[in-house]
Each structure stands twice: as C-alpha cells, then as structure tokens.
Protein chains: 2
Amino acid sequence: MAQKPSIPKGTRDFNAAEVAKRTYIVDTIKSKFEVFGFQPIETPSFENSDTLMGKYGDEGDRLIFKILNSGEYLKKISDDDYALKSEQKLTPRISEKALRYDLTVPFARYVVQHQNEIEFPFKRYQIQPVWRADRPQKGRFREFYQCDADVVGSKSLFQEIEFIQLYDAVFDALNLKGVTIKINNRKVLSGIAEVIGAKDKLIDFTVALDKLDKIGEEKVKAEMLGKGISEEGIAKLQPLFELSGDFGGQIKSLKAILSNSEEGLKGIEELEFINKAITEFKLKSANLELDVTLARGLNYYTGAIFEVSAPEGVKMGSIGGGGRYDDLTGIFGLKDMSGVGISFGLDRIYLVLEELGLFPDTITASTKVLFINFGETEAIACLKAVTKLRESGIKAELYPDKAKMKKQMNYANRRNIPFVVLVGDEELKTESFTLKDMVSGNQNVVSYNELLNKLK
Amino acid sequence: MAQKPSIPKGTRDFNAAEVAKRTYIVDTIKSKFEVFGFQPIETPSFENSDTLMGKYGDEGDRLIFKILNSGEYLKKISDDDYALKSEQKLTPRISEKALRYDLTVPFARYVVQHQNEIEFPFKRYQIQPVWRADRPQKGRFREFYQCDADVVGSKSLFQEIEFIQLYDAVFDALNLKGVTIKINNRKVLSGIAEVIGAKDKLIDFTVALDKLDKIGEEKVKAEMLGKGISEEGIAKLQPLFELSGDFGGQIKSLKAILSNSEEGLKGIEELEFINKAITEFKLKSANLELDVTLARGLNYYTGAIFEVSAPEGVKMGSIGGGGRYDDLTGIFGLKDMSGVGISFGLDRIYLVLEELGLFPDTITASTKVLFINFGETEAIACLKAVTKLRESGIKAELYPDKAKMKKQMNYANRRNIPFVVLVGDEELKTESFTLKDMVSGNQNVVSYNELLNKLK
C-alpha cells in the first residue's frame, strides 16, 4: 500500500486526550444514571434486519448500514430475480443484518425478548455507538455514541420530574451551569390543532410553528395558510404568538386557548404538575422553560417532549432530548408499555465543554514520571522503583531504550510528563534518585520514600 | 411482528448484572494499563475494506463482516460484470467498508496515519469490540471485546519484562492468583528448525510440536516424519521432549541443542534476560514458565511469544496472549517499527472469575433504597428525600406509581434492593421515615439524618 491509509468518511480516530475527555463525560452521565436507579444494559452492534427496517420511516431505512451476508450469498437467489439488477430486490436477499441505528428500537426489542426476566417498571440506561449512513458534515458523524436513559412500564409523571432532575444533575456535575431544559406536551399541540380546526394537519401545523424562532410570526402564519389552515384558525393562534411571562403565566394563556379541548387541557394539567414539583424541589443550575413550539420526534412522542439547549451565548443545537411514547414495544407485539426517556448528545456536549473551557485539567493527565534510561544496570534499578510506584497507583514509565539524554527529555516534554527521574552511578551507589521537576526545572536528590511522597 | 424478536446468532444481550461484571474486569485492566503508562485510543468500528482485506489470510478475509454500500450500489457495475453472478467479483464492487476484525491492524493503520502527531515509543491501549463471521460455538462469539496494550517503536526487552509484570498486576488485581504466563521466542523455534535441518518446514514443525501436550511424543514425531522432517533431525529433538526443571534448567538444555544456531542462541539470550529480571523483581501471584511448544500466531511474531493460562484446575483455553512483531506497520508503508503487545480475553476471564466465585459482591449492587409510593402527597415528600440522598451519592428510587403495597415490596425484593422506606400520614406529620431492612425484616422510624447515615 503506497498511499497513506485513511478511515471512512464520517468516522473518527480518537487520541488519548480525546478519549480521556469523552470518558469523563460518559462517566459523569453514568454515575448520575446509576444514582437515579437506572441499570445498564448492552445490545449487539448489529440486529436482524427485520428488527430495524421499517421503524424509522423510509429515510431511516435508507440510512441504516446493512451487513453483507457471508459466504456464497448469491447462491439462493434465482437467476431471474438476480437479472432484475435492482437494489430494492437484492438488498433483503444478500443482507440479513444491519448496524444499530439508535438505542431505542434495540431497547424495545430487548424488553419484549426478555420481558419475563425484567422487573417493571424497568429503568435502563445504555451508552453505545450507533451508525447512520448520513451525509457527514460538521458535528454529524456516521458513527457516534448515544447515551440514553428510559423507563418502561409506568405512566407516572414522577418519571418526567425525575428526568428533569437527572438532566440538571448531569449538567451541573459537568459544571455546565445555566442550560435550559425546554418542555412541551404532545397533547397541548394536538389540542391547539383541534381548536383551530386543523386536527388533521397536526404535522404541518407543528412543523410551521417550530420555525417561529427562525423565520418569525408572519412567515409562520403564511406557511400555515399555505398548508390549508384557515385564516380563522390562525387568528385563534394569536395568543400563542404573544405567550410571555414565566412558566405559570404561559400556562394561563394556554388554558384560555385550549378551554374547549379536553386533550389540550390534559396536557396543560401534566405540565402544571411537573412544573409545580420542579419549582418546589428547585433545580441546581438548569432552567426549566415551557416551549410550545417544541415538537421534535412528534410522530413518536405522545406526552412530554424535552429538549436541552446549551447556556446562553453558546451556539449549538440541542445537547439532549427525549419524551414519552405510550407504545414503545407495540412494534414487537407487546402492548400497553408506556415509556419515557431522555438522551444526551455526547459529541455536542464535548464541543460545548471545550468551547467554555470546562474540562478539568486533571482528566488529561497522562504519565506522572518518566525514568531516564542510562543503560541496562541503571534501567533495572529504575524498573524496580517504577514497579513499586505503580503498585502505589502512580503512573510511571521507564524509557525503554538507552537513547540520548536529550531525546528522552524531549519525549517527556512532548508528552507533558511533569517529572523525570535520573539514576546514574552516584544514585546507584547511594540508592537515591535525582528528581527533576519539568515545569520549574528544579532538581533534587531524594530517597525512594521522598520520591513516592513527592509524586503522590 | 407476530413472532418474538431475537438477535443474530453469535451475538449477545447483556443485562445489568452482566454489564456490571464486565465493567469491573475492563476497569481493572484499564487502571493497570494506565498505571503502566499506556494511553487509550479508539478507532472506528468500520474501516475501508482495503485496510483490512489481505491482512489476516484467506480465512480471515472470509470472516470479515462487509458493509453494503448505500444508495444505488449496483449502478456503477457494468451489466457484463454483474451477469457473472460471482461473489468474488461482486463483493468488492458493492462493499467498500468492513467491520474491524481485530485491534492490531487498525492500530497499525492509526500509527501510520498519525505518525507525525505521535511520540515514539508509543504505548497505547485499546478496548473495543471486534466482529468475526466465525461459526458461533460455546465461548466463541461474532461480536466480542478485545483489550490490547502495545508499544511500537522500541526493540528494548524491557517492554517484554513490563508486559509480564502487567499481566501479573491485572490478574492479581482481579484476585485471580496462580495464572501461568507462558513465554517462548520465535528465534528459538527458528533455531531448532535450523538445527534439525527443517528450516523450510518451520510451520509444519511448530504445528506438530504445539500438539505435544495433547497427543504425546510418539505421535508428534510421526507427524513430523510425515511432513518430511528426517529421522536424524527428529533424533536431535530428543532433549526437547525431555526438557525439565525450572526456567533456568530448561534454558541450559536448549542451549545445548542450539549451540550451532546463531538465531537460536539470540532467542535464548533474550529469554534469559527476561527471566533474570522477573526473578529479581518477583511477580505478585503469577508464574512465569518457559514453553518451547508455544507457537501461537507464528506467521506474525518475530521475538517473544506470550500466552496466559488460568490457574490449575480451571478448564479454559488461554485467557491472554501476545508477542513481538518486528514489522507492525510495514503493511501500511512505514518500515522498521518494532511492536510488542498483549491482549486480555474478556469473555474467558469472565467465565473463570464466575467459576471461581471471584466477582466481588459489591459490584452488582444496584439501587440501595426504594421509597414506597402511597399517593401524590406522600410521593412528593419521598422524592424530596430521594433527591437529597442522590446528591449524597446514594442510589435511591421512588416507586413511580401508587400500586399495591405488596407489588411494590415484591419489586424491591426481586431487584435485591436492601432497604425500603415508607412515608405515610404519621411520617409526613413528624417529618420522619420508616426504614425497613429487607434482609432482617427489622423496621425503624428515623429522621432524615439517621436515614442518610444508615444508608451511607
């Protein structure tokens, strides 16, 4: 291979510093998941194709990575079928497995498959990579991690309350203060659509409403009109565009709009219950905000809808999202299993922490001390000390070769190793160590115990 | 979907207890990797096909999972080519990516691709899943984790010494005492083949020798004879079959056999150097053993060869292995990069720890306390306490629904939650908690502070 090797587009190599930072985020999320009572599960990277296909719409089906069957995979295809030369015909015949596209469908599959071993309500978390054959672009990858927590088997609104607390706990632990947790409710959106006589146009209505921040009131109204929503209906929306005040104030306005919609009022009631509890418990550093325009994954959610945005001033899409879906496992034949869950966007959280300089210095700390190699005898004496330091939990290394002093010091420097130990004739004789502080440049002759204490 | 869903053969779901145990092993390995100065990297799950194909032999090529191209993947294939209906022709045209088959080739690719950002010698570790389209059987899966540590860019034998210490440190930390680290050297095997006049039959010779334990001396000799090794040559092997004594004793016998082979004596010298250092430093609980029949991955290794077996009495194949390969990155055009590395077999280590009952009780501990839900008012009071407990790092849960007492208690029981808290009218009034120990059955009325102390 003459050419320098590369990796597929949309994928990434992670170096040590990047792995350490990603691990820091994942470990923080994990520890909060566990303290909230969520249990980890893992599912295989690939599933049978029929588990995944048809669950994410046509676009999703196209974006699922399919795995080619092994062996003589063309053998069982008739010549006539083969001659059609059609991907649509061929793909299901030559591929029976596909890479996980998200963690939700495999979770639903898991719940149905293992329903007899599971105690419900089942609180699970899952942190694993997923793959999508999306066009790669800034911040969008073909392989990326999802960090999901879900509860299945309970309709209690206490779940929604706990998920808001969980978001708050995680972002606070990451020292990312001031995130906004936006909440909405599918029932409120349905109610509004009902009230303005556009019940059959719920999707069109919410898609347009979702753009309010970006394109403004007039253009939203124009789009709704274009989609066949009546002027009279749109007029009824006016209070929606003028929603203001805090959570409670907005709820009041919404109640007025929705007074004739039973479903809408049910949604309001849920939002009020959640807000009341959160107000009473107080969040550590996040803000809870009602956002009636929030409609993500609408086909899917049936109750609460969540989305988290980075603190003001940071330009970044949502760094988390989720919601309630009343029939999570129905696709696999298990009815009446309400689920609610949230997800953390690892890559975006990483970018936000990087931008705000919030990664603790300690996490990228690599090796603490490098022992310089002056030759076999010295190296053996060094390795003895290195072995003891490691047993005390100190990250220590011996430079493996008797290279030029300058080369070894450069190695320590470039790897940001803060201490270097030199053992020559004199040190061998006196069983001592010359310890050099690479930052200050100071150097001292010390005993092993002094060395250990200094490095601890 | 009428049928209960399933997962592809050779893959596994892991439940919470299994994830916790696997995490325990991985975290132990990781912490030792880091204390020895290894740095983590991660590479993508799939690589460009030309990075992987041809690197593992024909059998390997067949076992690599290939990913189907997206979109109209048949379009650019001419009708004539297509009409051949040949997997061999079609596969490279419809698949340009493949799932990682091991961690070594992606590591070599990584080193070459990032050579300008890397400080050599480069000590990296990598713990990620790999995929093989092997026939699944007991203990062999199509998706499994590899845990590898390698150094590239130094020929120093101190690396081999440190890897033996690393094996010892990991297995000792896992409380798996008495593993045997077997070591051999490719140069010794080459030397023996040279001495018996079978230099061109090195593979046949070592394959036969490798079976000594299983089929015995006579059958091994017969196999060698069958492969065209002369009787005279085989006669010279006699001391090899009678090797006995400790490491030093065996080295002595080998020296006699290899006195005329420069390469063989070089191998002996390396083994002696390593053994001397290990004898001086002492291992914590592992045994180092010379095994001249050890030949794993011979095509690949050029110096030391390692294999670890479980403590006596545990029937299990090797739980780790590795060795030195003098030209790791040559396949990608970067010459003269000697590498040496070891691997830990996660699945087998898991089975051994399970068999010997070595998993600490603490690691599967799930939620510590469940608060029973008697209704909205009580639940809100409970959630307040739950929130505070979680902030103190205690895994606490509120049962989300006002279900029958018995159902909630059963839930705690089946999930092995050791404490349950009940808050009714009386407790609400006095701001107290009834704490029930699920093991002893004892129950006490306590204040929040007493509760916290009890659960800590």
Side-chain angles (χ1 to χ4, degrees), chain A residues 1 4-5 7-8 11 13-16 19 34-35 37 39-46 48 51 65-68 70 72-74 82 85 87 95 97 109-110 112-113 119 121 133 143 154 156 158-159 165 277 281 332-333 366-367 379-380 384 387 390 393 395 397-398 400-401 411 414-415, chain B residues 1 4-5 7-8 11 13-16 19 34-37 39-46 48 51 65-68 70 72-74 82 85 87 95 97 109-110 112-113 119 121 133 143 154 156 158-159 165 277 281 332-333 366-367 379-380 387 390 393 395 397-398 400-401 411 414-415:
Chain A
M1 192 177 293
K4 208 172 161 185
I7 51 177
T11 68
D13 282 329
F14 296 108
N15 67 24
V19 172
E34 292 188 357
V35 100
Q39 303 178 281
I41 69 162
E42 288 182 12
T43 63
S45 296
F46 47 74
N48 292 320
T51 299
F65 278 113
K66 286 121 197 141
I67 294 173
L68 198 56
S70 304
E72 297 177 320
Y73 57 83
L74 294 175
Y82 184 75
K85 203 181 173 187
E87 288 91 5
S95 162
K97 290 182 287 290
R109 193 267 309 147
Y110 180 98
V112 176
Q113 190 175 333
E119 295 307 317
E143 172 175 46
S154 162
S156 163
F158 280 109
Q159 309 294 7
Q165 291 185 307
F281 295 154
F332 298 114
S366 72
T367 292
I380 285 181
K384 247 182 220 166
T387 303
R390 286 171 178 166
K395 295 176 186 173
E397 280 180 61
L398 164 69
D401 300 286
Y411 176 82
R414 277 196 292 254
R415 284 208 33 218
Chain B
M1 191 179 291
K4 209 173 162 184
I7 51 177
T11 68
D13 282 329
F14 295 108
N15 67 25
V19 171
E34 292 188 358
V35 99
F36 274 70
Q39 303 178 282
I41 68 161
E42 287 182 13
T43 63
S45 295
F46 48 74
N48 292 320
T51 299
F65 278 113
K66 286 121 197 140
I67 294 173
L68 198 56
S70 303
E72 297 176 322
Y73 57 84
L74 294 174
Y82 184 74
K85 202 180 173 187
E87 288 91 4
S95 163
K97 291 182 287 290
R109 192 267 309 146
Y110 180 97
V112 177
Q113 190 175 335
E119 295 308 318
E143 172 175 47
S154 163
S156 163
F158 280 109
Q159 310 294 7
Q165 292 184 307
F281 295 154
F332 297 114
S366 73
T367 292
I380 285 181
T387 302
R390 286 171 178 165
K395 296 177 185 172
E397 281 180 61
L398 164 69
D401 300 286
Y411 176 82
R414 277 195 292 253
R415 285 211 30 222

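Just so it is clear: chains get the letters A, B, ... in the order the sequence lines come, proteins before strands, and each one is counted from 1.
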*What part of Y82(A) gets closer than 4.5 Å to chain B, counting heavy atoms only: side chain, backbone, both or neither?*
both
*Among R109(B), R390(B), E34(B), R415(B), which has the most heavy-atom pairs under 4.5 Å with chain A?*
R390(B)
*At their closest point, which heavy atom of P121(B) faces which heavy atom of Y411(A), and how far apart are they?*
O-OH, 3.0 Å
*Sub-3.5 Å donor-acceptor pair from the side chain of K4(A) to the main-chain atoms of Q113(B), do we have one?*
yes
*With only heavy atoms counted, which part of Q159(A) is less than 4.5 Å from chain B, the side chain, the backbone, both or neither?*
side chain
*Do D401(A) and F158(B) come close enough that some side-chain heavy atom pair is under 4.5 Å?*
no
*For chain B, find which of L74(A), T43(A), L68(A), I67(A) contributes the most heavy-atom pairs closer than 4.5 angstrom.*
L74(A)
*asked:* Please check this pair: side chain of E143(B) against backbone of S45(A), looking for a donor-acceptor N/O pair closer than 3.5 Å.
replied: yes
*Just by distance, do the side chain of E87(B) and the backbone of Y73(A) share a donor-acceptor pair under 3.5 Å?*
yes
_Between P44(A), G37(A), A16(A), who has the most heavy-atom pairs with chain B when the cutoff is under 4.5 Å?_
P44(A)
_With heavy-atom distances below 4.5 Å as the criterion, would you say the side chains of Y110(B) and I7(A) are in contact?_
no
*S70(B), A379(B), A277(B): which one forms the most heavy-atom pairs within less than 4.5 Å of chain A?*
A379(B)
*With a 4.5 angstrom heavy-atom cut-off, which part of S366(B) approaches chain A: side chain, backbone, both or neither?*
side chain
*Among Q165(B), E119(B), R414(B), K85(B), who wins on heavy-atom pairs under 4.5 Å with chain A?*
K85(B)
*asked:* Less than 4.5 Å to any heavy atom of chain B: does that hold for the side chain of S154(A), its backbone, both, or neither?
replied: both
*Decide yes or no for F14(A) and P40(B): does some side-chain heavy atom of the first lie under 4.5 Å from some side-chain heavy atom of the second?*
no
*So which of I41(A), T11(A), V19(A), T367(A) has the largest heavy-atom pair count under 4.5 angstrom toward chain B?*
V19(A)
